[in-house]
Each structure stands twice: as C-alpha cells, then as structure tokens.
Amino acid sequence: MSSAFDKLARPVQKWIRQQGWRELRDIQARSIRTICETNADLIVAASTAGGKTEAAFLPLISQVLDEPFDGIGFDLLYIGPLKALITDQAMRLEGICQEAELPVIPWHGDVSQSIKTRALKSPKGILLITPESLEALFIRRGLEIARVFGATQAVVIDELHTVLDSERGVQLCSLLTRLELAIKRPIRRIGLSATLGDMDLAKAYLRPDAASSVQLIEADGGEAELRLQLRGYVSGDEDENSPSATDAIAAHLFKHLRGSDNLVFAGARQRVEIYADRLRELCEREHLPQEFYPHHASLSREHRDFVERRLKDVAKPTTAVCTSTLELGIDIGDVTCVAQIGAPFNVAALRQRLGRSGRREGQPAILRQYAVEAKLTSESSFVDRLRLGLIRSIAMIDLLLEGWCEPPKPEALHLSTLVHQILSVIAQRGGASANVIYNVLCREGPFRQVTTEVFANVLRAIGHPETDLIEQSGSGLLLLGKTGERLVEHYSFYAVFQTPEEFRLVVDGRDLGTLPVDNVLAPGMLLIFSGRRWVVQEIHDLEKVIVVKPAKAGVPPVFGGDPGDIHDKVIEQMFAVLEGDFKPVYMDAVAHTMLEEARAHYDQLEFQANNIRSLGEHTWIIATRFGTVKTSTLALALRSEGFLVEQHDGFLVVEAGDETPDLRMVLARLSAGYTGDIFAGAENLITEKFHVYLSRPLLELDAVSSRLVPGLLPGMTSRILQV
DNA sequence: GACCTGCTGCGGGCTG
C-alpha cells in the first residue's frame with residue numbers, strides 16, 4: 001500500500017484514513033501509480049462497486065492539489081450516462097473533496113439553473129455532466145468553452161462499455177475531440193468500465209489515434225461461486241387442473257424468492273407487468289405483505305425511486321421484476337438471486353445482470369433461468385419443435401461460463417449522428433466552412449469512415465432548399481438554415497437518440513408513467529400498469545394524457561420495440577447444442593425432455609447433411625448458421641428476388657412467390673457474386689433521429705455500414721450450399 | 001423478436 005499511498009496528496013491521504021481503510025484495492029494502487037507516474041490514457045475495468053471511482057479520482061484530485069494547471073476552468077471533468085449516477089457520484093466525491101476544498105458540481109437536466117450559473121461564473125473543481133448537457137454547453141456557450149475548460153487536467157468517462165459504438169458514444173467521442181481542439185491541447189482520458197471480453201475496441205474508442213498506448217488496469221477475476229438452474233415450462237397445455245406456464249413460473253418465483261432481495265429480468269415491459277401482477281395477487285391471496293414490484297422505463301420516476309429505495313433497504317425484502325433498467329447504473333446493493341425469464345439477447349447483458357448477485361464475501365451468485373416453450377401438436381412449426389428459445393438460453397449460459405461476451409460492433413458510418421454534429425459545430429462557432437467541419441469531425445473526430453465525397457453528399461442533402469438545415473453565405477461560410485435554426489434552438493436537439501411518442505398515464509392528478517401512442521385505447525378499457533389494474537376514463541389526444549382509475553381486472557399494454565440482434569457466435573453455439581449430445585447438469589427434467597425433442601427434430605430435418613431442406617414444393621428451411629445481421633441480409637436479398645421470407649435464430653423459412661425461380665438457383669447466383677439491389681425488398685431505412693434529412697442513397701450507405709452486409713453474401717451463400 | 005439513456009432559457013408568480 002505504501003508506495004501508492006505515498007503518492008497521494010495530504011488531504012486525500014487524510015480522507016482515506018478517516019474511512020478506516022486498511023489497504024487500497026489492487027486496481028486502486030495500480031491506477032494511482034499509472035496516473036501519478038505517466039501521462040497515459042487509462043481504462044480501469046472492474047465490476048460494479050469495485051472501487052473504480054476512487055481508483056481514478058484519488059490520484060487525479062491529488063494532482064490537482066499538488067500540480068494545478070495554469071489558467072481558469074474546471075480542473076476535472078466526469079461524464080456519466082445517467083442522471084442518477086451523476087447524483088450518486090457527486091455525493092461520493094464530495095466526501096473526498098471537502099477535505100481538499102475542491103468544489104464538486106453535478107450538472108444535468110434536474111440540477112437547478114442557479115448552481116449552473118454560479119459554476120460557469122468561476123469554473124473550478126470537478127464537473128460531473130451528461131453527454132447531452134455537455135452538448136448543450138457547446139451549442140449555447142460555444143465561445144466560452146476554451147475559458148470553462150482551460151485548466152482541465154483529465155476527463156473521466158464512467159460506464160464506458162455502455163456507450164461504445166452507440167449513437168451516444170459517437171456523440172461523446174466527437175465532443176471530446178472538439179473540447180481538445182477548443183483548448184488546443186490533449187486532455188488525459190480515463191475510462192471506467194465493466195470487464196469486457198475484448199478490451200482492444202474499448203481502447204480504440206477511448207483514444208482513436210493511439211489505442212495501443214492506452215493503459216489497461218483490470219481487476220483480477222476473484223469471481224463468486226456460481227449456482228445455476230435452467231427450468232423448462234410448456235405453455236399452451238393448460239386446462240382446468242394444470243396452471244399456465246406463466247402461473248407456474250410466478251408460483252415458483254413466489255416460493256423461492258420471497259423473504260430476500262432479488263431481481264427478475266422478464267425481458268419485455270409487457271412481461272414485467274404480467275409477472276408483477278401475478279406475484280402481487282399471490283401475496284394478496286396468502287395475506288402476506290407486498291414485496292414484488294415492477295420496474296421499467298415507462299413507469300414514473302416516483303415509483304422507480306420507491307422500488308430502488310426498497311432494494312437498498314436491507315430491512316425490507318424486495319424483489320423487482322424488471323427490464324434492463326436495473327442492469328446498470330446506481331448501486332442497489334447485493335441481491336440474493338437473479339432470475340431470467342426467457343432467453344436473453346446477449347451474453348454481455350446476462351453477465352452484467354449476474355454481477356448484481358453474489359457480491360458479498362462467501363455468497364454464491366445465483367442464476368435461475370426459466371425457458372418457456374410451446375406445447376407440441378401435429379400442427380407445430382419447426383421453430384417450436386427446435387425449441388429455439390431453450391437452445392439459445394443453453395448456448396448463452398455455455399458462452400457465459402466460457403467467459404466470452406459480445407465485443408462492441410465495428411464502426412458504422414453513423415450518418416444520423418454526423419448530421420447532428422455538423423449542426424452543433426456550426427452553432428458552436430456561429431458558422432464554419434465545410435473544410436473546417438470536415439477536419440473537426442471526420443479527420444480528428446470519430447467519423448473517420450466518412451470520405452470527403454460522402455461528407456459532401458451529406459452537406460448537399462441537409463442544405464437542399466426543401467430540407468433547409470444549413471445554407472451557405474456569400475463568403476462560403478456554412479450557417480444554419482431556417483429549419484436548422486428551429487431544430488437547434490429547441491432543447492430536444494441535444495440528445496442524438498430517437499424516442500417514441502407517448503401518452504402520460506394519470507391517476508388523481510399523479511403521473512403513473514407513459515404508454516406508446518400506438519396502443520389503441522378507449523374509455524372503459526381495462527389495463528394492467530405499474531403492477532396494478534386500471535380502467536381508462538378519459539383520453540386527451542392533444543395533451544397526450546390518459547386518465548385512469550383503479551379497477552378489478554385488466555390486460556397489459558403493448559410497448560413495442562426493435563428486433564434483437566444476436567451475435568454470430570451465439571448462433572454457432574446454438575448449432576453446437578443442437579448437434580451435440582451433452583446433457584447440461586443445471587437443467588431440470590422438463591428442460592431435458594425439451595432438449596431431446598429439439599435434437600430429435602433437428603436430426604429428422606437432416607440439417608447435418610444439408611443446410612437447405614424442402615417442405616413441400618414451394619417452401620424451404622435454410623439453416624444459415626449466422627447471427628442477425630448476416631441472416632437478415634440474406635433474407636432481404638431473397639425478398640428482393642420475390643420470395644416470402646420469415647426469419648428465426650440462424651434459420652430462414654422461404655416461400656416461393658408466383659414467379660420466383662428455383663431457390664437453389666438463386667443461392668448459386670448469389671454465391672457467384674451479388675449484383676442485385678438489396679433494397680428492392682423494401683426495407684425501412686429511417687431508423688435514427690436525423691435520418692429523415694438524408695437522401696435515399698445516403699440512407700442505403702448508412703444501413704450497409706451498420707445493419708447489413710451485402711458484400712458477404714457470396715461467401716455466406718457458398719457456405720450454406722456447401723453442406 | 002427488446003431494452004435503455006437525455007434536455008435550455010425565459011417569463012410569470014410568489015416569498016422574504
């Protein structure tokens with residue numbers, strides 16, 4: 001401990017002693033040495049509550065105290081993806097900074113204007129901010145950026161893994177570049193991250209120009225013992241005497257989770273509502289106090305805070321039935337067990353979820369996986385017979401145990417976010433030449449895949465008189481057009497991601513939460529929401545408000561969503577499960593029977609000998625053996641040839657149209673080199689917030705860079721034809 | 001066939 005401890009400033013050492021810490025954690029000691037002895041960028045990777053924040057800030061605060069930079073401005077910048085995280089971290093840092101007499105400024109949408117105004121007047125200390133609020137500073141106070149961050153020594157990016165290669169991550173990367181350009185020097189970057197399978201892409205994200213010089217400090221495994229059970233349930237065979245799969249799972253959860261803190265990941269908000277409703281009913285029927293609560297993003301902040309407080313409160317046993325809202329972010333303490341209903345979409349999330357349990361010394365991490373599969377009849381489709389949900393659950397558990405998880409996706413063009421950043425640079429500078437914008441965003445910033453030609457086409461699209469986001473002045477300077485000005489002026493501009501339109505659900509003047517507008521509702525209709533039952537009283541279309549009152553029955557609403565994106569490796573593992581004969585020890589008898597059924601049917605379809613199987617004269621099943629991106633590319637190519645195509649994990653069901661040629665002939669043609677128009681299959685190309693301003697060719701380019709791989713079609717189809 | 005995240009400036013009314 002001594003050598004690392006000795007490097008810290010006096011007030012920081014004093015704070016550590018006050019905490020009664022006997023020693024620094026390994027990642028903290030290593031991080032202190034790296035930060036004090038080098039100027040390197042750094043990633044600190046450890047699980048939640050692993051002491052990452054202190055690992056970064058103890059030495060950084062020491063440097064600010066011992067070697068302050070000349071000039072004014074915030075000394076340190078922290079960027080967090082959630083408001084709640086910023087509030088939490090500000091409280092933790094205040095403890096350390098009180099001793100050091102350094103101000104700590106939390107800055108997000110819920111922080112009062114007066115705190116922000118005061119902080120901007122004399123910026124110093126640590127600024128904790130969201131990417132969106134930082135964006136707002138660039139747009140509203142573009143000319144003050146150099147003054148506000150003139151003395152900034154380092155920027156700490158929390159939950160780095162959640163922003164990697166997302167729209168928000170590209171925005172943040174762009175803002176960091178623009179920050180360094182504004183103050184005309186690099187700022188040390190420190191990323192705090194969960195441990196990922198492959199950290200190289202995280203390094204490249206943190207410092208694109210010098211990924212290899214980014215230092216990595218990773219916590220040693222030291223993982224808790226894992227206890228695992230996968231239970232199978234058959235749905236659709238309920239009669240008066242046997243309960244439905246949902247009731248059976250609810251009863252099992254009720255019996256095993258009551259009395260402790262747990263998280264039940266139900267996969268979709270609608271299922272969260274269904275299970276929370278059943279569990280509440282079970283408590284009422286047994287005259288027991290309520291301890292099961294729903295938690296998802298459409299529920300009011302008030303209700304979510306209540307559930308989070310109950311989880312933190314050790315005196316009240318609480319099980320949250322939830323979506324990924326409780327996967328990351330604020331610390332809710334240790335939970336006894338994590339349950340997962342239905343197959344998850346990716347291994348990375350499964351690992352993150354599991355990390356919420358087994359954190360206390362000597363306690364195992366417990367995962368209860370529930371797989372629901374349809375009852376088989378003579379009419380059942382091959383999808384039901386292959387039990388793809390169960391197979392995916394097994395494949396994902398296998399990969400989890402191997403320590404694998406999905407790497408961040410390779411970089412896409414991100415043209416929607418590019419449009420946003422072009423407008424932002426123009427607003428920041430009050431006008432800029434095309435050349436300057438290209439240098440800032442595409443040469444120095446994150447849009448490096450964008451060629452000058454594509455960039456010019458983007459400018460043309462958003463400068464088109466009908467789009468009118470930008471216009472050119474006589475001197476060649478690019479300025480905001482009328483529409484562009486209106487867009488940038490409104491606060492809704494700062495976020496780069498799209499959000500759906502919603503109704504507010506109100507009872508007695510209090511907000512219950514929100515519902516997507518595509519729910520068809522009328523007064524008198526019954527609803528399950530927030531774990532309780534309601535009847536719709538009034539609908540105000542203009543104000544987007546629905547007034548409800550309590551009721552005795554109800555149905556859960558539809559929340560919608562995007563199709564999941566399953567990685568190639570997961571599909572590969574699913575085929576290994578179908579083709580293997582091992583019997584996972586963690587499964588119950590029902591799950592074993594289902595696995596046997598799946599394997600028997602897989603053999604019967606003879607996919608080991610042939611990837612293409614005819615079902616009658618006009619229908620085929622193709623085993624693509626690829627993940628979502630590649631499989632949907634092939635689906636689109638076949639649709640553009642006139643086939644009707646249905647997509648499943650690693651499989652396509654293809655039906656001939658009226659005048660379609662033979663499937664094998666088409667696949668052979670694709671394998672010889674694809675020349676067709678993949679978009680003739682009519683794909684919706686407006687998927688991101690600023691896509692509406694781009695031209696059709698640019699949208700196709702953007703889709704091909706991120707969601708489709710037509711270039712791989714020849715290779716894929718020859719592999720499919722080979723077996 | 002899914003989930004999550006975020007937001008400024010101004011003016012009006014009220015309190016001390």
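Lettering of chains follows the sequences in order, A, B, ..., and the numbering in each one begins at 1.
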side-chain N/O A/Thr323 vs B/dA2 OP1/OP2, d < 4.0 Å: no

Tell me which of A/Ile566 and A/Thr325 sits closer to the 5' end of DNA chain B, going by the nucleotide each one is nearest to. A/Ile566

Interatomic distance, A/Glu273 CD vs B/dA2 P [rounded to whole Å]: 16 Å

Would A/Arg353 count as a cation-pi partner of A/Phe265, with NZ or CZ less than 6.0 Å from the six-membered ring centre and within 45° of the ring normal? yes

Provide, to the nearest angstrom, the distance between the CD1 atom belonging to A/Ile139 and the P atom belonging to B/dG9. 11 Å

Hey, do the aromatic rings of A/Phe651 and A/Phe382 have their centres closer than 6.0 Å? yes

Gap between atoms CG and P, on A/Leu263 and B/dC3 respectively (whole Å): 17 Å

Measure from CZ on A/Arg304 to P on B/dC3 and round the result to the nearest Å. 13 Å

When rounded to whole Å, the CD1 to P distance for the pair A/Ile341 and B/dA2 reads 15 Å

Hey, are A/Arg356 and A/Glu327 close enough for a salt bridge, meaning a charged N less than 4.0 Å from a carboxylate O? no

Between A/Glu502 and A/Lys544, does at least one N-O distance fall below 4.0 Å, as a salt bridge requires? no

What do the steps show when you test A/Ser424 against A/Arg178 for side chain to side chain donor-acceptor pair (under 3.5 Å), and what is the final call? CA-CA 10 Å; A/Ser424 174; A/Arg178 290 166 60 191; 2.9 Å; yes

Just how far, in rounded Å, is C1' of B/dC4 from CD of A/Glu502? 12 Å

Taking only nitrogen or oxygen atoms into account, show me every contact under 3.5 Å that the protein makes with nucleotides 6-8 of chain B, one pair per line with its distance.
unit_1	atom_1	unit_2	atom_2	d
B/dG6	OP1	A/Lys83	N	2.6
B/dG6	O3'	A/Thr130	OG1	3.4
B/dC7	OP1	A/Gly109	N	3.0
B/dC7	OP1	A/Thr130	OG1	2.8
B/dC7	OP1	A/Ser133	OG	2.8
B/dC7	OP2	A/Gly109	N	3.2
B/dC7	O2	A/Tyr491	O	2.3
B/dC7	O2	A/Ser492	N	3.1
B/dT8	OP1	A/Ser133	OG	3.4

Please state how far atom CD in A/Gln340 lies from atom P in B/dC3, giving the value in whole angstrom units. 13 Å

In whole Å, I'd like the distance from the CG atom of A/Leu85 to the P atom of B/dC4. 17 Å

Can you check side-chain contact (heavy atoms from CB on, under 4.5 Å) on A/Leu418 and A/Leu413, steps first, answer last? CA-CA 8 Å; A/Leu418 177 61; A/Leu413 283 173; over 6 Å; no

